[in-house]
Visitor: 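Before anything else, here's the structure in question.
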There are 2 protein chains.
Amino acid sequence: MVTIASKKREIKCPITAMLQLIGGKWKPVILYCLRSEKRRFGEISARIPDLSRKVLTEQLKELEEDGLLTRQQFNEIPPRVEYELTELGKSLAPVLNEMEKWGIENIIEKPNKANAAQSTD
Amino acid sequence: MVTIASKKREIKCPITAMLQLIGGKWKPVILYCLRSEKRRFGEISARIPDLSRKVLTEQLKELEEDGLLTRQQFNEIPPRVEYELTELGKSLAPVLNEMEKWGIENIIEKPNKANAAQSTD
DNA sequence: TTGGCCGGTTACTTAAAGGTAACAGGTTAC
DNA sequence: GTAACCTGTTACCTTTAAGTAACCGGCCAA
């Protein structure tokens, strides 16, 4: 996967630019999951059950490379790893909040379905 | 392609829900392009040069099926087709505005900040 | 001796997205 | 009579994302 660093200079559209960082099926969900607290790998995985551990590992690595979160590894047995948003990652909060709001108002609550919103938080 | 209509009832996370609608490489850019005015097919294409006409057609069709924009075809020679956001599409404005803002502040204007660790200075 | 704990990695496969190039159609301009 | 105009469509191919399943280390409890 190409991180933003190698592409940055080619980008002119701010939307395209930001999609380089948080595009993909899972990244916004992962960031949303971490928005208020640091979490362990297994915690994130449990909160996003449809996301395989392999893909989660990949996405976390890319997010770390792009400076959106930090990975802290504790050399314990069994191992423990914590992921936490950086300041840059936290600065995405308004975007994620608007996304959440829109999703709730226009999809979760509106459609024919009594579908209780279950957040990843 | 699966439109949101067929998936809506399975979705619990608002972020996931909204990614069903505007996920993908180009949809946010297209919506951003249409945010303030209706545009012709060729206009959109010209404004997003890296997006092929084939993919643009596909994405526009999906966005129309999901109720985010309308397609108005004029039976003229040569043909003219105009795309315009619906109210639902316009309601995405806050999301797109935050994305634009973030992209400008954190990538366009600060090209070396996101990966400061790799910087040599 | 086996299996669970946790956070992965590896190898393989499938599904989805996206790209290129050629062509269509009806009228007008050359 | 041919090319351009505009908005596609079609056929075909490549790239990327994502999914599955098995396995790893190192310690501990049964």
Side-chain angles (χ1 to χ4, degrees), chain A residues 1-4 6-7 10 13 15-16 19-31 33-34 38-66 69-84, chain B residues 1-4 6-7 10 13 15-16 19-31 33-34 38-66 69-84:
Chain A
M1 171 59 68
V2 183
T3 55
I4 191 65
S6 60
K7 294 225 161 186
E10 308 161 20
C13 165
I15 303 288
T16 303
L19 289 178
Q20 301 274 340
L21 278 173
I22 64 155
K25 189 170 172 180
W26 296 113
K27 281 182 185 172
V29 183
I30 294 169
L31 294 167
C33 179
L34 289 170
K38 75 172 71 159
R39 294 196 186 282
R40 298 181 57 173
F41 182 87
E43 259 183 292
I44 305 172
S45 187
R47 283 166 185 276
I48 317 178
D50 291 342
L51 171 57
S52 72
R53 282 176 309 159
K54 177 204 146 209
V55 173
L56 178 55
T57 304
E58 287 170 0
Q59 303 295 299
L60 286 168
K61 196 174 295 175
E62 289 177 20
L63 290 168
E64 190 193 0
E65 285 169 3
D66 285 335
L69 53 80
T70 57
R71 175 182 190 276
Q72 188 176 7
Q73 182 172 347
F74 299 86
N75 292 318
E76 308 167 351
I77 298 294
R80 179 160 61 105
V81 181
E82 288 180 349
Y83 294 91
E84 186 174 13
Chain B
M1 174 64 55
V2 184
T3 55
I4 190 64
S6 60
K7 292 224 163 188
E10 309 160 21
C13 165
I15 303 289
T16 303
L19 290 178
Q20 300 277 338
L21 279 172
I22 63 156
K25 190 170 173 181
W26 296 113
K27 282 182 184 173
V29 183
I30 294 169
L31 294 167
C33 177
L34 288 170
K38 75 173 70 162
R39 294 198 189 279
R40 298 182 58 174
F41 181 88
E43 257 184 295
I44 304 172
S45 187
R47 281 166 185 274
I48 316 179
D50 291 340
L51 170 57
S52 71
R53 284 175 306 157
K54 179 204 145 208
V55 173
L56 177 55
T57 305
E58 287 170 0
Q59 303 294 299
L60 286 168
K61 197 174 294 175
E62 289 177 20
L63 290 168
E64 191 194 0
E65 285 168 2
D66 284 336
L69 54 78
T70 56
R71 176 182 190 277
Q72 188 176 7
Q73 182 172 348
F74 299 86
N75 291 319
E76 307 168 354
I77 299 296
R80 179 161 62 105
V81 181
E82 288 180 351
Y83 294 90
E84 186 174 15

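So you know, we letter chains A, B, ... as the sequences are listed, proteins then strands, and number each from 1. Hydrogens, waters and symmetry mates play no part in the numbers below; they use all other heavy atoms, side chains included.
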Visitor: For C/dA17, does OP1 or OP2 lie under 4.0 Å from any side-chain N or O of B/Gln59?
Guide: no
Visitor: Taking atom C1' of C/dG18 as reference, at what distance in whole Å does atom CG of B/Asp50 sit?
Guide: 12 Å
Visitor: In whole Å, I'd like the distance from the CZ atom of B/Arg39 to the C1' atom of D/dT7.
Guide: 17 Å
Visitor: Considering only D/dC6, D/dG8, C/dC6, which nucleotide approaches the side chain of B/Pro79 most closely?
Guide: D/dC6
Visitor: Could you give the CG-to-P distance, from B/Leu51 to D/dG8, as a whole number of Å?
Guide: 13 Å
Visitor: One thing to verify: whether B/Lys54 and B/Glu58 come together as a salt bridge, which I'm taking to mean a side-chain N less than 4.0 angstrom from a carboxylate O.
Guide: yes
Visitor: Which whole-number value in Å describes the distance from A/Asn75 CG to D/dG25 P?
Guide: 17 Å
Visitor: Going through the checks in order, is the side-chain contact (heavy atoms from CB on, under 4.5 Å) test met by B/Ile48 and B/Leu56?
Guide: CA-CA 9 Å; B/Ile48 316 179; B/Leu56 177 55; 5.6 Å; no
Visitor: Rounded to the nearest 0.5 Å, how far does NZ of A/Lys38 lie from OG1 of A/Thr70?
Guide: 8.0 Å
Visitor: Hey, does B/Phe74 reach any base, or is it just sugar-phosphate, or nothing, if we go heavy atoms under 4.0 Å?
Guide: nothing
Visitor: Check the phosphate of C/dG7 against A/Arg40, side-chain N and O only, distance under 4.0 Å to OP1 or OP2. Yes or no?
Guide: yes
Visitor: Which one, C/dG8, C/dT20, C/dC5, comes nearest to the side chain of A/Tyr83?
Guide: C/dG8
Visitor: In terms of the nearest nucleotide of DNA chain D, which residue is placed more toward the 5' end: B/Glu58 or B/Glu43?
Guide: B/Glu43
Visitor: Please check the phosphate of D/dT7 (OP1 and OP2 only) for any side-chain N or O of B/Lys61 closer than 4.0 Å.
Guide: no
Visitor: Rounded off to whole Å, could you give me the CZ-to-P distance for the B/Phe41 and D/dC6 pair?
Guide: 12 Å
Visitor: So, do B/Ile22 and B/Leu31 sit near enough that their side-chain heavy atoms are less than 4.5 Å apart?
Guide: yes
Visitor: Hey, are the side chains of A/Arg71 and A/Leu60 touching, using non-hydrogen atoms and a 4.5 Å cut-off?
Guide: no
Visitor: Does B/Lys25 put a side-chain nitrogen or oxygen below 4.0 Å from OP1 or OP2 of C/dA16?
Guide: no
Visitor: When we call it a touch if two heavy atoms are under 4.0 Å apart, what does A/Lys54 touch: a base, just sugar-phosphate, or nothing?
Guide: base
Visitor: Between C/dG7, C/dG26, D/dT7, which one does the side chain of B/Arg71 approach most closely?
Guide: D/dT7
Visitor: Can a side chain N or O of B/Arg53 be found less than 4.0 Å away from OP1 or OP2 on C/dC23?
Guide: no
Visitor: Grab the CD-P distance between B/Glu62 and C/dA17 for me, whole Å please.
Guide: 7 Å
Visitor: Between D/dG26, C/dG25, C/dT27, spot the one nearest the side chain of A/Ile77, thanks.
Guide: D/dG26
Visitor: Could you state the CG-C1' distance from B/Leu56 to C/dA17, rounded to the nearest angstrom?
Guide: 15 Å
Visitor: What integer distance in Å separates B/Trp26:CH2 from C/dG18:C1'?
Guide: 10 Å
